[in-house]
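Note that the structure is a prediction, hence the values are computed from the model and not measured. Sequence positions, counted from 1, serve as the residue numbers for this chain.
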Amino acid sequence: MSKLIGDRTFYKKVLTVAVPIMVQNGISNFVSLLDNIMIGNVGTEQMSGVGIVNQLLFVLYLGMFGAMAGPGIYAAQFFGKGDHDGVCHAFRYKMYIGLAVLAIGLTILILNGEALLSLYLSDLADTEQSPELVLLYGREYLGVMLVGLLPFAIEEVYASTLRECGETRVPMIAGLVAVGVNLFLNYVFIFGNFGAPELGVRGAALATVISRVVQAGIVVVWTHRNTLRMQFAKGLYHSFRIPAKLAEKISVKGLPLMANEILWSTGMAVLNQSYSRRGLDAVAGLNIASTITNLFNVVFIAMGSAVAIMVGQLLGAGKTEEAKDTDTKLLAFSVASSAALGVILFVLAPLFPKLYVETTENVRSLAVGFLRVGAVCMPIFAFMHATYFTLRTGGKTFITFLFDSVFLWGVSVPVAYLISRRTQLPILRFYLFMQSLDLIKCAIGFVLVKKGIWVQNLVREDAEAPEAAIEEK
């Protein structure tokens, strides 16, 4: 048990890293819950339209996260090594790749947004919701949300780099301010309060866009005003070059991560499209359940970030045994805390959907079922998430690609396709069966982490190779 449980000093350090991320994500998800309730209380079609758009945007968000994950591995290890020039080059790489993903995503959504939305409007939809209205509200919401993608990308570049350098407080504060702005403006724009026009779903999107501009502004201004602490920001834009060898190494490690996140999020969108074959009530119920479940998932999401930061810095400093010990304890803490939260969610599941007073009883009943499935599976998701970040932190990005998106597309997507189109399995049993497939990934992840194949100091290899020496800014 001593290998699984740390001392007080260990947990103090873990919480120092993880709590700000938990708070930021928790507040953000809480506001998303309030947003969802506000929109749901305007109408079920509005809620379904927004939920479908968010599924599509989720693909782009994870594409950006994945694009920045590769340079993020290097940024954490460079910081652990004390190489601020290396962090600077990783930052520049993030900016380039993030903007490239943004441009591709915008092009696809502008040209094909309506066609993608229509994929979720199955001809099996129930008669209580109008597919035409769902499509209309989805188009309105998407049109405004596209404007906020640029500040989102910029904020993610800065905030992720700050976290990799051990500064988790400032991104948390920026997130708290942003969600406060978002919540207030939702109240103003959705319902037309304080003399503002009643904009409905467009108002919700407008509030989100403004809050993202505020959030990006806070982290950018703070970073450039605190160059003594964030030394990578000194002369950050005096040059836009990245050493060719370093760029090549980051690309080799990073591109599989970007491909993984894009394929994984696309696969999840396809899974949800398969669930939508059971009717628009299933779409609405999943939208409610996922919004609430995300509020409880903040713990294991933050623990994944803690693995990336703490274990990554130890690997960069050459402390491999300490890195392995830390990772084991982080895995155990993530699973235990998620199991406790899962019990709470299972018990409270019937209460949350009652907040959606304007939706149907069938939607609320389905939401309760989805919530309880998520509660039971939460420890599974926690272990899977932590093992994924362990492998990624050590640079085993191709293995994570196989572990994550290849499994999803090779197993989960085909199974969901067959169940949705060749059987009449009720949606809740269908959903539970699909979530249980992740037990296979947990078994694979356990073996890979146990073998220690992820223990790798990437920046020491760079430092020992003369041709990869980092040039002066």
Side-chain angles (χ1 to χ4, degrees), residues 60-105 152-168 171 216 219-220 223 230-237 239-262 304-305 307-313 315-316 388-401 454 456-463 465 468-471 473:
L60 182 55
Y61 297 153
L62 284 193
M64 288 188 189
F65 294 149
M68 297 174 197
I73 294 170
Y74 277 82
Q77 292 204 16
F78 274 129
F79 184 80
K81 181 186 172 186
D83 186 346
H84 301 293
D85 284 351
V87 177
C88 174
H89 291 308
F91 177 96
R92 290 173 181 163
Y93 189 103
K94 284 186 184 183
M95 188 64 78
Y96 290 138
I97 196 70
L99 293 177
V101 172
L102 174 62
I104 295 170
F152 171 81
I154 293 172
E155 189 274 336
E156 181 58 27
V157 172
Y158 275 85
S160 62
T161 306
L162 292 182
R163 293 189 192 101
E164 287 145 9
C165 294
E167 179 51 71
T168 58
V219 294
V220 170
T223 300
M230 297 293 113
Q231 295 183 40
F232 74 89
K234 292 181 180 179
L236 186 59
Y237 296 112
S239 170
F240 295 93
R241 297 184 62 190
I242 304 171
K245 285 292 183 181
L246 178 60
E248 180 183 347
K249 288 177 179 292
I250 293 177
S251 297
V252 169
K253 297 295 183 184
L255 290 179
L257 287 174
M258 181 174 68
N260 177 70
E261 296 296 340
I262 293 173
S305 297
V307 169
I309 294 167
M310 294 175 63
V311 177
Q313 290 181 2
L315 290 175
Y388 171 84
F389 269 86
T390 299
L391 295 168
R392 198 184 83 171
T393 300
K396 296 301 180 182
T397 55
F398 183 71
I399 291 177
T400 60
F401 174 73
W454 53 275
Q456 188 176 10
N457 186 328
L458 302 173
V459 297
R460 183 175 62 190
E461 293 176 359
D462 291 337
I470 299 175
E471 63 189 22
K473 293 197 293 289

Any non-hydrogen side-chain atom of Cys165 less than 4.5 Å from a side-chain atom of His84?
no

Give a yes or no answer on whether the side chain of Gln313 reaches the backbone of Glu164 with a donor-acceptor pair at less than 3.5 Å.
yes

Could you walk me through whether Lys94 and Ser160 pass the side-chain contact (heavy atoms from CB on, under 4.5 Å) test, one step at a time?
CA-CA 10 Å; Lys94 284 186 184 183; Ser160 62; 2.7 Å; yes

Minimum heavy-atom distance between Tyr93 and Ala247, given as atom pair plus value:
CE1-O, 3.7 Å

Report the C-alpha distance between Phe240 and Arg92 in whole Å, list the side-chain angles of each, state the deciding distance to 0.1 Å, and finish with yes or no for side-chain contact (heavy atoms from CB on, under 4.5 Å).
CA-CA 7 Å; Phe240 295 93; Arg92 290 173 181 163; 5.6 Å; no

Determine whether a donor-acceptor pair (N or O, by modelled atom type, separation under 3.5 Å) exists between the side chain of Arg241 and the backbone of His89.
no

Would you check if the side chain of Tyr388 reaches a backbone N or O of Gly304 as a donor-acceptor pair within less than 3.5 Å?
no

Nearest heavy-atom pair of Gly63 and Ile262: which atoms, and what distance?
CA-CG1, 3.5 Å

The criterion is side-chain contact (heavy atoms from CB on, under 4.5 Å); which residues satisfy it with Ile399, sequence neighbours excluded?
Leu391, Lys396, Leu448, Ile453

Please determine whether side-chain contact (heavy atoms from CB on, under 4.5 Å) holds for the pair Phe91 and Met230, giving the CA-CA distance in whole Å, both sets of side-chain angles, and the decisive distance to 0.1 Å.
CA-CA 12 Å; Phe91 177 96; Met230 297 293 113; over 6 Å; no

Non-neighbouring partners of Tyr61 that pass ring pair (Phe, Tyr, Trp, His ring centres under 6.0 Å), sequence neighbours left out
Phe152

Asp85/Phe78 under side-chain contact (heavy atoms from CB on, under 4.5 Å): CA gap, chis, key distance, verdict:
CA-CA 8 Å; Asp85 284 351; Phe78 274 129; over 6 Å; no

